[in-house]
Amino acid sequence: MVAATGHADTSVGHGELIKAVDRALAAHGRALLTGPAGAGKTEVVRAVAAAAESRHETVLCLAPEAADQWIPEASAAALLASVPCGALEQLSGPQRTAIALLRREADAPRAGRDHIALRLAVVEVLRTLAARQPVLLVLDNAQWLDAESTDLLRFALRLTPPRVRVLVAECVQGGAPVGEPLCGPGVPAIRVPPLGADEVAELLVSHGLPARLAGRIHQASGGNPRLALALGHSLAEAAEARDGSAHHADTLPVSGQAREVARRLLAAAPAQARRTLLLAALATRPTISLLRRAGRPDAEAELAEAERAALVRVGEDGTVEFTAGALPTALAADAGWPERAAGHAALAAAVDDPVQAVRHRALAVDTPDQWLAVEITEAAAACRRRGQRALAAELGLLAAERTPSWLAGEELTRLVTAAEDAGWAGRADLARRATRAVLARDASPADRVRARLAVIDAAGQALGALDETFAYAMDEAAGDPSLQAAVQLRIAWKHNLSDGDPVRSRDAAARAGALAALGGDQVAEAMALTVRARMGRILGDPGAEAILAEALALPAPEVPLGMRNAPQYLAVRHALFDDGLDDARRQLMVLLPAVQRTGSAEDVFEVLRSLTEVELRSGRCEAASAHARRALELTIEAGLSPGPAWYVAATAETMGGSFARAAGYARRGIQASQEEHDQVFLSRSLHALGLVELATGEAAKAVATLRRVAELEAAQQVVDPSILRWHGELAEALIAADAPDEAARLLASVRTVAVGLGRTGVVAALDRARGLCLSAQGDADAAVHLLEATAQRFDALRLPLERGRTLLALARVERRRRRRAPARAALRAAAEVFERAGAAPWTDLAREPAPGEVAGAQVPAAASLTEAETRLALLVSQGASNQEAAAKLFLSVKTVEARLTRIYQKLDVRSRAQLATALRAR
């Protein structure tokens, strides 16, 4: 009679929900918690009960199991068994007898009990307990109450005093709901919402599962915590059985525990509705009209029942979408072959898309058919022309399976083409499946290499675990310069992304270019030159632009290895690095429809990423946020590596959304990039997090985070400071952390490189930090002059957000030297810039501070103290010990002691009490 053991901890993301339940109980005395199986109701109930116990309330918990619903008065017996014995002693004789008989059910038939006395006994017990202290009656799994206990509790709860509060958690599964009849009409009903993608990531990490799987698992689970964990564990187990690693695009195995959870969710719909749901599961784009044409005349009513059970969403246009991607997989897996074949046959006759008709006809049979294989191959070619590469790969595999054994050559060709389509689409699962089939046949070395390259292409950022694939591909490509060039190109990409080694990447690209020229492959030669130009830019090679120009001069047909690796795209990136934003945006708008036609999800993502960065630097935060959302949706839908998408979302949120959400995205990006050994986007996500920490006044954390970026960039031998502009942020964080001399040394060294390379935007950002440095070193006049000039330079460069940040820095310097009118003017100017750009979090920072505040930070403005000293002074004045302050500020205790001595000297105080008084006065 207790909650079932073995439940996963699904409390992530339910903090606000727990507060809502508490508020409902406080206001109404009753609350009803609803949601599908596995949504986390039990965790919420436990949290509310624990809070009540901490307030010394009496908590009675009842959690029936599925089998209890068939045992009369089983739940009533369990409830009374949990009541303290003292509460039973005051009952009358008939009431005690009724309870005793209930406890000894086997000794007395139910018909011989005094049911009126039993009901009154329950009422009296609750009244007795409530007379001593408040009572919380928690009823979990109310859907499994037996009918007799339901009647008894409904009677008793009508007569209980207000000091007895009731929380009922219920999962409606085909039967009538009992929560409202138990609690009475008007009870506040609170539904447990699904988790968001970030919360699924947090849940996975808390259970030791890879965060990079969060997007796929969120989509497959619909945000149901129990299903998400079951899918995560199933995927991890399958990966361990295969090669020890889970890929972000792997097919999610809906088996074992995951299938059981999905079955429990589907059980909420009646049997007739589940038959309609199966047909919807087999369709690619199900609609009510399609299902009716396929033989389900009552589809609309049956889908309405499924929608009430939170299994599907039905749009106004009749489109049907499952709330969790695992549900259609479970439906199809549980159906027998005859039922699935009949469903596909019905859909083949009902769909209006010829490609889908062929697909369903192919899935309705399981025997080879030469002419059907030809039809499927033609359908795959049509998908390729449409840019639907994932569907083309699926159809290609179907065509190979339907090819008779005596056409082995055609079967092999179809498998290799399917692998390449999967590589384009980033579908690692399909690419591996097709490649395994190729390698199991008598394939030529060229076909084997092409298949292996598809696996590499589908891996996205996760190239670090493919050393064996690279080795076999190099061996099998021997003697064919074009194939060798293709392998070397991918090795060059791996050296950059996974190894963080631009020198080895450049050298591999040079070998690829030479081999491509030998084989007469000008497209591969252009791509090799592109890699060399990209690595040259990273390494600060002045000849990088000439190499890029050489690549651009070569013929540029449709690029078989991705637009993201083409010289045209690198030219856009260089324009972005050089602050040529209008030119970059114009070229990206040309590339966007082109990459959508190619069918490469990674290409589309790359263009959206660059558009996000261009729009942010141009001061168009709303447009940037829209591009970032599309990039994140595409990543989840296509199963791409999530690290880059989380980085893009973090940058958009940092400028135009919320610092808190930006930090969450950045941390997810860090986690995913570490799991995939992606050094490039690891440093980018760290940079995004460091900027948020700097903006929100967490200087010590910002220093630690941005130093990690510096270490990564040094390890990757990055010389050009325009690619990832972290240097000014680290310098500003060091200044805020009371290390201006270290900041000055960093600025001087980077400025020399930036000036030498002609990076004017970088120089301006460094000068903003240098202005703050001058102020911290006591030269306020020079600081103001430099910051004013820097704001004008950013205006001329048409970088509004950078100008706004410079005006914020100017206001801070002016306020520090007690020039309030100029400080207010700078703040107002900054606020106007940020408002025009839609930079909401920065607009908040630029608000007019109240007296005694520093702009952008809620700390007293002690004019003679640095910002780092002011933070320490505030902590100490609020009662923090030296050890506590050191932990809070990420400093050593000795540093705190030395800094506190300087604060005492500057403010002429001798104790913590005097310090608090001095700060209040200031």
Side-chain angles (χ1 to χ4, degrees), residues 694 697 699-700 702-703 706 727-752 763-793 805-827 830 849 851-857 859-877 889 891 894-910 914-915 918-919 921-922:
L694 176 63
V703 168
L706 293 168
H727 315 79
E729 269 88 38
L730 177 53
E732 290 187 36
L734 288 167
I735 295 161
D738 203 23
D741 294 340
E742 183 181 349
R745 290 192 295 272
L746 170 65
L747 291 170
S749 64
V750 178
R751 198 175 195 281
T752 301
V763 173
L766 297 175
D767 282 347
R768 177 176 59 224
R770 194 157 64 94
L772 291 170
C773 191
L774 289 170
S775 175
Q777 292 172 332
D779 195 349
D781 290 338
V784 168
H785 178 75
L786 179 58
L787 289 171
E788 288 175 340
T790 301
Q792 292 175 0
R793 271 187 289 160
R805 289 181 58 190
T806 306
L807 291 169
L808 273 183
L810 176 61
R812 185 168 300 177
V813 171
E814 292 283 27
R815 182 167 288 278
R816 182 173 296 154
R817 61 176 185 164
R818 300 189 178 185
R819 288 168 50 90
R820 298 192 178 277
R824 283 196 296 270
L827 278 179
E853 291 181 358
V854 172
V859 293
S864 60
L865 300 183
T866 68
E867 290 183 32
E869 289 169 344
T870 302
R871 277 193 293 275
L872 175 58
L874 180 59
L875 281 174
V876 170
S877 70
L889 298 174
L891 301 171
K894 286 187 176 180
T895 301
V896 167
E897 291 170 349
R899 193 172 292 176
L900 196 55
T901 299
R902 291 199 302 274
I903 292 169
Y904 280 16
Q905 291 171 347
K906 287 184 177 183
L907 299 184
D908 193 23
V909 298
R910 298 180 181 179
Q914 289 180 352
L915 173 62
L919 290 176
R922 288 173 179 271

Worksheet item: Going by the salt bridge (Lys or Arg N to Asp or Glu O under 4.0 Å) test, which pairs reach into residues 731-740, not counting sequence neighbours?
Response: Glu732-Arg768, Glu732-Arg805, Asp738-Arg899, Asp738-Arg902
Side chain to side chain contact (heavy atoms under 4.5 Å, CB included) involving [X] - partner list, sequence neighbours excluded:
{"X": "Ala783", "answer": "Leu774, Ser775, Val813"}
{"X": "Ala780", "answer": "Arg817"}
{"X": "Ala736", "answer": "Ala699, Glu867, Arg871"}
{"X": "Ala830", "answer": "Leu807, Leu808, Phe834, Ala846"}

Worksheet item: With sequence neighbours excluded, what pairs up with Gln792 under the side-chain hydrogen bond (donor to acceptor under 3.5 Å, both in side chains) test?
Response: none
Nearest atoms (heavy-atom pairs only) where [X] meets [Y]:
{"X": "Ala731", "Y": "Leu746", "result": "N-CD2, 4.0 Å"}
{"X": "Leu786", "Y": "Asp767", "result": "CD2-O, 3.4 Å"}
{"X": "Leu694", "Y": "Glu729", "result": "CD2-O, 3.7 Å"}

Between [atom1] of [X] and [atom2] of [Y], what distance do you get to the nearest 0.5 Å?
{"X": "Leu872", "Y": "Ser877", "atom1": "CG", "atom2": "OG", "value": "9.5 Å"}
{"X": "His727", "Y": "Arg751", "atom1": "NE2", "atom2": "CZ", "value": "14.0 Å"}
{"X": "Ile735", "Y": "Leu747", "atom1": "CD1", "atom2": "CG", "value": "6.5 Å"}
{"X": "Leu772", "Y": "Gln777", "atom1": "CG", "atom2": "CD", "value": "11.0 Å"}
{"X": "Glu814", "Y": "Leu827", "atom1": "CD", "atom2": "CG", "value": "10.5 Å"}
{"X": "Leu766", "Y": "Thr790", "atom1": "CG", "atom2": "OG1", "value": "10.0 Å"}

Item to complete: Evaluate the side-chain proximity of Val784 to Glu788: yes if any heavy-atom separation is below 4.5 Å, no if none is.
Response: yes
Discussion item. Any heavy-atom pair between the side chains of Arg812 and Arg815 that's under 4.5 Å?
Written reply: no
Item to complete: For the pair Arg793 and Thr806, evaluate side-chain contact (heavy atoms from CB on, under 4.5 Å) and give the outcome as yes or no after the intermediate values.
Response: CA-CA 10 Å; Arg793 271 187 289 160; Thr806 306; over 6 Å; no
